[in-house]
Amino acid sequence: MKFFIDTANLDQIKEAQDLGILDGVTTNPSLMAKEGVSGHENIINHYLRICDIVDGDVSAEVISTDFKGIIEEGEYLASLNKQIVVKVPMISEGVKAIKYFNDKNIKTNCTLVFSSGQAIIAAKAGATYLSPFIGRLDDISSDGLNLISEIRDIYDNYDFTTEILAASIRHTMHIIDCAKIGADVVTTPLSAIKGLLNHPLTDSGLKKFLEDHKKSNS
Ligand code: G3P
């Protein structure tokens, strides 16, 4: 299972990278805006800084919604660094663009996915990654994890190579449940990654080991 961090915050990306378990980064226009990154040049430079920090794939989202615009933007983004994956929205013009990029061996991440039907279309178009937003489905009393499970079954039925990248992760249990279902990738906030490694019995056990060592060595 690959671990991506879902942020444009460079400090958080560095912290996750230093942990040694990071496989990539996903960003979106809202995450860039949250970090105060605006203007074409600044946005491009920010992507390049992220690529310098991590070794793996870095999703950079297009803002065009027409085929020609998505192609132009995507080809430019992909030319910046071989780590860049072009993030394309699940709309008809986006599907056409994913097919185009696939034919040109440009990696894509199909984003804003909320149904199994959309997942089938993205896989048929040849998306590298598929991003179902599980937290946003949970937010409206729908079952985000059930969607991951359905897509896993469908992709396995046909040996689709599109990787399921569970997105809009809210907490540690989302990660664990995605792992049980067999999502290929999770993209998560740093807090959820760090939450996985905490356990009170680890802390109390370590404290006792260190105390006992000190007693017997003093
Ligand atoms: O990057 C896309 C996705 O992970 C967004 O998450 O928390 O805005 O629903 P969220």
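For this chain, numbers begin at 1 and follow the sequence in order. Counting convention: from 1, in listed order, for ligands and their atoms alike.
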Participant: Answer with yes or no whether the side chains of Glu35 and Asn9 bring together a donor and an acceptor at under 3.5 Å.
Facilitator: yes
Participant: Got a salt bridge between Arg136 and Asp139, using NZ or NE/NH1/NH2 to carboxylate O under 4.0 Å?
Facilitator: no
Participant: With hydrogens left out, which residues have an atom under 4.0 Å from ligand 1, given that only heavy atoms count?
Facilitator: Asp6, Asn28, Lys87, Phe133, Arg136, Ala167, Ser168, Arg170
Participant: Got a salt bridge between Asp52 and Arg49, using NZ or NE/NH1/NH2 to carboxylate O under 4.0 Å?
Facilitator: no
Participant: Which word best sums up how the rings of His174 and His171 line up, parallel for under 30°, tilted for 30 to 60°, or perpendicular for over 60°?
Facilitator: parallel
Participant: Should the pair Glu211-Lys208 be classified as a salt bridge under the 4.0 Å nitrogen-to-oxygen rule?
Facilitator: no
Participant: Which residues pass the side-chain hydrogen bond (donor to acceptor under 3.5 Å, both in side chains) test with Gln118, sequence neighbours left out?
Facilitator: none
